[in-house]
Engineer: 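Please read through the structure below; I'll follow up with questions.
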Amino acid sequence: MKMRFTLTMEDLLVNDQHIDNVVLDWIDDVSQEQVLCMSQEWITTQNFLTTRMTGLQKVGESSLTIEPVE
């Protein structure tokens with residue numbers, strides 16, 4: 001199924017440079033199991049973003065929205 005992912009991050013530190021706000025928006029064809037796995041990791045992993053993004057040292061606030069594409 002096609003899903004829209006929107007990742008919003010505020011108050012970032014990337015390679016020692018401060019960034020106020022970043023929004024990443026993409027559509028991907030994923031299974032329901034993949035969506036559930038990603039949602040579970042997002043909720044349970046404390047450093048979910050900093051362990052996956054090269055150069056990202058700190059994120060103040062972040063949110064991940066996942067919704068079906070019609």
Side-chain angles (χ1 to χ4, degrees):
M1 71 184 122
K2 288 204 180 287
M3 302 294 281
R4 175 180 299 277
F5 297 84
T6 304
L7 174 60
T8 303
M9 299 176 285
E10 297 178 1
D11 192 24
L12 295 99
L13 186 61
V14 181
N15 293 328
D16 296 321
Q17 180 180 0
H18 180 260
I19 300 172
D20 290 328
N21 189 304
V22 172
V23 177
L24 302 173
D25 186 67
W26 71 98
I27 294 175
D28 201 356
D29 194 13
V30 294
S31 69
Q32 184 173 1
E33 293 80 24
Q34 289 172 306
V35 171
L36 291 173
C37 182
M38 181 181 286
S39 297
Q40 182 67 23
E41 280 188 76
W42 176 263
I43 292 167
T44 59
T45 306
Q46 185 175 3
N47 296 322
F48 184 82
L49 295 172
T50 55
T51 58
R52 287 167 176 76
M53 295 183 172
T54 303
L56 182 62
Q57 298 163 293
K58 180 189 121 194
V59 178
E61 295 289 327
S62 63
S63 66
L64 176 64
T65 304
I66 305 171
E67 56 191 11
V69 174
E70 298 182 59

Engineer: Is there side-chain contact between Ser62 and Thr8, with heavy atoms separated by less than 4.5 Å?
Structural biologist: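 In short, these two side chains do not touch, never coming nearer than 4.5 Å.
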Engineer: Under 4.5 Å between any side-chain heavy atoms of Arg4 and Asp25, yes or no?
Structural biologist: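 Arg4 vs Asp25: side chains touch.
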Engineer: Hey, does Thr6 have a side-chain heavy atom less than 4.5 Å from the side chain of Val23?
Structural biologist: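 Heavy-atom side-chain distance check passes, below 4.5 Å.
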Engineer: Step by step, would you call Val59 with Asp11 a side chain to side chain contact (heavy atoms under 4.5 Å, CB included)?
Structural biologist: CA-CA 6 Å; Val59 178; Asp11 192 24; over 6 Å; no
Engineer: Would you kindly confirm whether Leu13 and Ile19 end up in one hydrophobic cluster when ILVMFWY residues are joined by side chain heavy atoms under 4.5 Å apart?
Structural biologist: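 In one cluster: no.
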Engineer: Search all heavy atoms of Met38 against all heavy atoms of Ile66 and return the closest pair with its distance.
Structural biologist: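 Smallest interatomic distance, heavy atoms only, reads SD-CD1, 4.5 Å.
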Engineer: To the nearest 0.5 Å, what is the distance between CE (Met9) and CG (Asp20)?
Structural biologist: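 With rounding to 0.5 Å, CE (Met9) is 13.0 Å from CG (Asp20).
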Engineer: Take atom CD in Gln32; do more than 12 heavy atoms of anything else shown fall under 6.0 Å from it?
Structural biologist: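 Counting neighbours around CD of Gln32, 12 or fewer heavy atoms of other residues, nucleotides or ligands fall under 6.0 Å, so no.
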Engineer: Could you go through Gln40 and Val35, starting from their C-alpha distance and side-chain angles, then the distance that decides it, and tell me whether this counts as side chain to side chain contact (heavy atoms under 4.5 Å, CB included)?
Structural biologist: CA-CA 9 Å; Gln40 182 67 23; Val35 171; over 6 Å; no
Engineer: Restricting to non-hydrogen atoms, name the atom on Asp16 and the atom on Gln57 that form the minimum distance, rounded to 0.1 Å.
Structural biologist: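 Nearest heavy atoms, Asp16 then Gln57: N-OE1, 2.7 Å.
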Engineer: Could you report the tightest heavy-atom contact between Phe48 and Arg52, atom names first, then the distance?
Structural biologist: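 Nearest pair, atom of Phe48 first, then Arg52: O-NH1, 2.9 Å.
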Engineer: Find the distance between NZ (Lys2) and CG (Asp29) and round it off to the nearest 0.5 Å.
Structural biologist: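 So the gap between those two atoms works out to 5.0 Å.
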Engineer: Measure across Trp42 and Leu64 and return the closest heavy-atom pair with its distance rounded to 0.1 Å.
Structural biologist: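 That closest heavy-atom pairing would be CZ2-N, 3.6 Å.
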Engineer: Is any side-chain heavy atom of Trp26 closer than 4.5 Å to one of Leu7?
Structural biologist: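 When only atoms from C-beta onward are counted, Trp26 and Leu7 do touch, with a gap below 4.5 Å.
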Engineer: Which atom pair, heavy atoms only, marks the closest approach of Met1 to Ser31?
Structural biologist: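 That would be CE-C, 3.9 Å.
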Engineer: Flag the pair Met3 / Val69 as yes when at least one side-chain heavy-atom distance between them is below 4.5 Å, and no otherwise.
Structural biologist: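 No. Closest side-chain heavy atoms not under 4.5 Å.
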Engineer: If I compare all heavy atoms of Thr50 with all of Lys58, which pair ends up nearest, and what's the gap?
Structural biologist: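 Answer, listing the atom of Thr50 first, then Lys58: CG2-N, 4.2 Å.
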Engineer: What about Leu36 and Phe5, same hydrophobic cluster or not, with Ile/Leu/Val/Met/Phe/Trp/Tyr joined at side-chain heavy-atom distances under 4.5 Å?
Structural biologist: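 Per the 4.5 Å side-chain linkage, Leu36 and Phe5 are not co-clustered.
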Engineer: Less than 4.5 Å apart, side chain to side chain, heavy atoms only: is that true for Gln34 and Asp28?
Structural biologist: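 Counting from C-beta outward, Gln34 and Asp28 never come under 4.5 Å.
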